[in-house]
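Below is one structure, written out as structure tokens; the observations come after it.
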Amino acid sequence: MNQVSVNDKYKVAPFYVFFLVHPLQIGIGLLNFQRDLAKAAGTDGWISILLAGLIVHIFIWLIYKIFSMVPGDIISANNHVFGKWIGHFFSLLFILYFFILGMTIIIGYINVIHLWMFPVVPSWAFCCVFLVLIYYINTGGFRTVTGIAFLSVVVSYWLLFVPFYSLKYGNFTNSLPIFDHTLLEIMKGTRSVSLTMLGFEMILMFYPFIKNAETSQKYAHGGALATTLLTLFVYFVSAIFYSQKQLALTLWPTLTMTSIIELPFIQRFEYIFIAWWAIVIIPNMVIYLWAASRGVKRLFNVQQKYPLWVMSIIILLITIFTLDIDSFYILNKIINPYSVCFLVLYLPLLLVFIKIKKWRNRL
């Protein structure tokens, strides 16, 4: 079955799952999800967010249900159900998914830095800094990764000052009318906000690193709930700060709101916001590449640093030769529909197959 066992000294307490799930969901997507959501669901975008949050909770329950029957990680579950070769194939799909999503986050954040702060600095320079930092954190082990995720939540919530500040410039009538869109439009809005809600699926890889992992489910739900409420608040502020037409045309709505803030001692507050957002983004970069390299280690029995090197080189080469606004847009369009469909279809089917196999073993 390719079982996985982790020494207790490398595990983290269950409540840290909150700090692993929550920051993974509030990465690059929180800076620009409002645009596509406004196009799809308009003033009823809040319904789409609530629906997306509900779906996330259902899938967290599914993940814990799977691991209650097949302890380990997604690779153990795949091998248990499908055998070694077919199981490895599906595990490789998950590894590819983790890698592409991590690469999307790195490219997306570098693109933000280019557009807003340093347009003439080479892309590879920023990429090298982030990749070195990612490698350094990952070599510290999963406890170090968890510490970075915990720190990012603790020191970043002061950024809520930005949407609160923007409220006084908003027009509450911009959020009306409500219940003015069809169910199909609301569902399209739910799909558009999916990149912001992704991240909970990392439980599939770090589950064995949690002490008494079955008791951590409530913390996973808590992290997802915090993300839903935060996304709902940011969209509400954006919906009253912009008109719906403005919101649908603004590429980075959250960042544009920060540009109105002027303090006596600083004029370009968005520079501080973008620089501080790196603390929010880094756990996303680290955990996705940790999961991808960990998956390769589990499948091929190699040291984790070697696949991490290869992935870093690939990301660096893509950054050097293809980084622009269109590359991030293309990656976003690939991740949003196909990754969500993959998770939505695969995890319920995996649970069904596990139940069928357990039922057959009892006969």
Side-chain angles (χ1 to χ4, degrees), residues 1-4 17 20-21 24-25 29 47-98 100-101 183-184 186-208 210 213-214 216-225 227-228 288 291-292 295 298-299 334-363:
M1 193 190 295
N2 197 16
Q3 288 281 9
V4 55
V17 173
L20 288 166
V21 171
L24 280 171
Q25 293 184 292
I47 303 177
S48 299
I49 294 172
L50 290 176
L51 184 59
L54 177 61
I55 293 171
V56 168
H57 284 289
I58 292 172
F59 276 89
I60 289 175
W61 176 85
L62 273 174
I63 291 171
Y64 277 86
K65 188 67 175 176
I66 289 170
F67 290 143
S68 69
M69 293 184 286
V70 184
D73 54 17
I74 187 61
I75 296 174
S76 300
N78 287 337
N79 291 350
H80 173 78
V81 172
F82 302 110
K84 180 179 178 181
W85 298 110
I86 299 177
H88 278 24
F89 169 75
F90 285 114
S91 297
L92 282 172
L93 292 181
F94 274 97
I95 292 169
L96 182 63
Y97 163 76
F98 297 148
I100 292 177
L101 198 53
L183 180 60
L184 180 60
I186 290 173
M187 292 301 296
K188 287 181 179 178
T190 300
R191 188 182 68 176
S192 70
V193 80
S194 59
L195 184 60
T196 305
M197 292 297 182
L198 290 175
F200 68 91
E201 71 279 7
M202 288 297 101
I203 301 171
L204 293 168
M205 286 303 298
F206 66 67
Y207 185 89
I210 307 167
E214 64 280 357
S216 67
Q217 184 173 352
K218 59 185 176 182
Y219 299 107
H221 285 294
L225 178 61
T227 302
T228 302
Y288 279 113
R298 292 266 289 113
L299 288 184
I334 292 172
I335 286 294
N336 260 339
Y338 297 110
S339 62
V340 172
C341 289
F342 176 61
L343 292 174
V344 167
L345 294 175
Y346 187 81
L347 292 180
L349 287 175
L350 183 63
L351 179 60
V352 170
F353 288 141
I354 291 173
K355 284 185 172 292
I356 291 173
K357 187 162 185 175
K358 291 181 75 70
W359 175 73
R360 290 179 61 184
N361 289 339
R362 289 175 183 173
L363 295 179

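All values reported here derive from a predicted model rather than from experimental measurement.
With sequence neighbours excluded, no residue forms a side chain to side chain donor-acceptor pair (under 3.5 Å) with Y219. Annotation: side-chain contact (heavy atoms from CB on, under 4.5 Å) contacts of I86 (sequence neighbours excluded): F82, F90. Remark: I58 pairs with L54 by the side-chain contact (heavy atoms from CB on, under 4.5 Å) rule, at least two apart or across chains. Partners of T227 by side chain to side chain donor-acceptor pair (under 3.5 Å), not counting sequence neighbours, listed by chain and number: H22, Q25.
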Using the rule given for side chain to side chain contact (heavy atoms under 4.5 Å, CB included), can you reason through L347 versus L351, listing the C-alpha separation, both sets of side-chain angles and the distance that settles it, and then say yes or no? CA-CA 6 Å; L347 292 180; L351 179 60; over 6 Å; no
Go through it in stages, so that I can follow the logic: the residues are N78 and L350, the test is side chain to side chain contact (heavy atoms under 4.5 Å, CB included), and I'd like the CA-CA distance, side-chain angles, deciding distance and then a yes or no. CA-CA 8 Å; N78 287 337; L350 183 63; 4.0 Å; yes
May I have the step-by-step check of side chain to side chain contact (heavy atoms under 4.5 Å, CB included) for H221 and V21, ending in yes or no? CA-CA 9 Å; H221 285 294; V21 171; over 6 Å; no
Solution key, residues 198-207 side-chain donor-acceptor pairs under 3.5 Å, sequence neighbours excluded:
{"unit_1": "E201", "atom_1": "OE1", "unit_2": "G199", "atom_2": "N", "d": "2.8"}
{"unit_1": "E201", "atom_1": "OE2", "unit_2": "Y97", "atom_2": "OH", "d": "2.5"}
{"unit_1": "E201", "atom_1": "OE2", "unit_2": "G199", "atom_2": "N", "d": "3.4"}

Hey, can you pull the donor-acceptor pairs under 3.5 Å for the side chains in residues 65-72, sequence neighbours left out?
{"unit_1": "S68", "atom_1": "OG", "unit_2": "K65", "atom_2": "O", "d": "2.6"}

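Side-chain contact check for I74 versus S91: every heavy-atom pair is 4.5 Å or farther apart. Residues I49 and M197 are in side-chain contact: their nearest non-hydrogen atoms beyond the backbone lie under 4.5 Å apart. At a threshold of 4.5 Å between non-hydrogen side-chain atoms, the residues V17 and I210 count as touching.
From D73, atom CG reaches atom CD1 of I63 across 12.0 Å, with rounding to the nearest 0.5 Å. Note: F353 CZ to Y346 OH = 9.0 Å, rounded to the nearest 0.5 Å. If you take CG on L183 and OG1 on T190, they are separated by 9.0 Å, rounding to the nearest 0.5 Å. Atom NE2 in H88 sits 9.0 Å away from atom CD1 in I95 (nearest 0.5 Å).
In this structure, K188 places its NZ atom where only 12 or fewer heavy-atom neighbours from other residues, nucleotides or ligands lie under 6.0 Å away.
Summarising the geometry of P348 relative to L343, their closest heavy-atom pair is CD-O, 3.8 Å, with the distance given to 0.1 Å. Counting all heavy atoms, side chain and backbone alike, Y64 lies closest to A213 at CE2-O, 3.4 Å.
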